[in-house]
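What follows is a set of notes on a single structure, which appears directly below.
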Amino acid sequence: MKKKALLVVVIAIFGWVSGREVSAITTITTEVSSPAKTITLFENTTLLGENGQTTGIIAPQTVTILDNGQRRVGHGEGYLVPIYLISTWLGKAWIMPDNALLGNQIPAETSLEIFGVESLYSDPGLTKPTGMQLAPQTVKVKAKWDNRYLIETMNGESWIAPRYPALFEVSEVQQEVQLKSTTNLFRSPDGLETGSALSPQKVMVNEVWRDWCRIDSWLGPVWFELQQTE
């Protein structure tokens with residue numbers, strides 16, 4: 001893999017480019033990848049020239065990535081965002097998409113535990129809301145595309161992009177576990193404690209995620225870390 005650095009001087013750029021403000025001096029670090037990858041654009045995306053100027057707009061579609069790197073945007077030191085070189089009817093152009101996903105969706109047969117109320121969508125681009133929401137629960141996943149999931153619902157398959165903590169690849173089990181010491185209980189493995197604990201006893205585990213187990217308790221569904229019981 002070869003790397004090259006291209007220093008692009010953008011003179012007196014004000015306003016926003018594809019929804020982001022570009023800094024006066026921008027460094028693009030590119031990586032040439034083989035074989036070529038694809039990126040799917042879900043919304044109209046601005047095309048940029050080598051010096052950062054807008055050259056056109058490309059409609060939602062899947063395009064091949066010729067080159068990729070990062071561009072620094074924002075005020076002061078700003079922050080780095082991914083940038084991709086693609087081939088268009090106008091020739092090669094750079095894009096900094098706001099709503100796009102690399103590659104393709106990957107089939108999955110697993111579960112997703114969500115801890116907040118989440119909106120449902122008809123497409124992976126999240127451009128077509130169904131108008132329905134999902135309460136915290138465990139759902140079946142049919143496919144995964146980056147941080148977006150195709151799940152089964154009572155009204156058919158829908159896409160979800162969790163805004164709140166969510167656990168991917170949760171395994172459903174029915175297994176008895178012996179707690180050997182006082183064990184703290186959590187609302188979720190992200191560290192939100194319930195303030196309660198269980199004394200040494202046997203409990204029935206319903207779900208497992210990494211080193212965490214979920215049980216039903218007087219507090220409702222709660223989690224504990226398995227290594228604490230060892």
Side-chain angles (χ1 to χ4, degrees), residues 1-106 108 112 114 116 118-119 121 123-127 143-150 159-169 189-191:
M1 180 177 294
K2 298 180 180 180
K3 295 186 178 180
K4 57 183 179 179
L6 173 62
L7 182 63
V8 179
V9 180
V10 183
I11 302 176
I13 291 183
F14 297 94
W16 294 85
V17 176
S18 187
R20 303 183 179 93
E21 190 169 356
V22 181
S23 57
I25 299 179
T26 303
T27 299
I28 302 175
T29 302
T30 61
E31 294 184 358
V32 180
S33 302
S34 181
K37 298 179 180 179
T38 60
I39 184 170
T40 298
L41 312 175
F42 296 109
E43 298 179 18
N44 288 341
T45 301
T46 301
L47 299 175
L48 304 173
E50 289 292 347
N51 62 354
Q53 85 281 14
T54 299
T55 61
I57 293 178
I58 187 172
Q61 59 187 279
T62 298
V63 293
T64 299
I65 297 172
L66 306 177
D67 208 345
N68 61 82
Q70 295 179 314
R71 173 168 287 180
R72 190 173 299 279
V73 301
H75 295 287
E77 294 184 359
Y79 55 96
L80 294 173
V81 297
I83 185 168
Y84 306 95
L85 183 66
I86 64 172
S87 180
T88 75
W89 71 100
L90 296 173
K92 295 179 181 179
W94 291 93
I95 57 172
M96 290 192 299
D98 289 316
N99 186 9
L101 293 175
L102 294 169
N104 302 288
Q105 66 185 59
I106 302 173
L112 179 73
I114 59 176
E118 304 288 356
S119 298
Y121 299 84
D123 67 314
L126 313 180
T127 63
K144 182 179 186 295
W145 200 346
D146 195 17
N147 63 342
R148 303 175 189 183
Y149 305 89
L150 180 63
W159 284 90
I160 186 173
R163 298 173 300 159
Y164 298 96
L167 307 180
F168 179 61
E169 293 185 329
D190 65 354

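- Contact check for Thr45 versus Asp98: no side-chain heavy atoms found under the 4.5 Å cut-off.
- Shown here for Asn44 and Pro60, the closest heavy-atom pair between the two residues is OD1-CD, 3.3 Å.
- The nearest pair of heavy atoms linking Ser119 to Ile160 is O-CG1, 3.9 Å.
- Between Met96 and Val73 there is a side-chain heavy-atom pair separated by less than 4.5 Å.
- For the pairing with Thr40, the side-chain hydrogen bond (donor to acceptor under 3.5 Å, both in side chains) check across Asn99, Asn104, Thr62 returns one residue only, Thr62.
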Checking ring-ring contact (aromatic ring centres under 6.0 Å, His included) for the pair Trp145/Phe42: CA distance, chi angles, key distance, verdict?
CA-CA 13 Å; Trp145 200 346; Phe42 296 109; 5.7 Å; yes
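- Looking only at side-chain heavy atoms (C-beta outward), Pro82 and Asn68 stay at 4.5 Å or farther from each other.
- Ile65 approaches Asp67 most closely through the heavy-atom pair CG2-O, 3.2 Å.
- Of all heavy-atom pairs spanning Trp89 and Ile57, the tightest one is CH2-O, 3.2 Å.
- Heavy atoms only, all atoms of each residue included: Ile39 and Tyr84 are closest at CD1-CE1, 3.7 Å.
- Counting heavy atoms of neighbouring residues, nucleotides and ligands inside a 6.0 Å radius, atom CD of Gln61 exceeds 12 of them.
- Side chains of Trp159 and Gln105 form a contact here, defined as non-hydrogen atoms less than 4.5 Å apart.
- When atom types are taken as modelled, the side chain of Lys92 and the backbone of Trp94 share no donor-acceptor pair closer than 3.5 angstrom.
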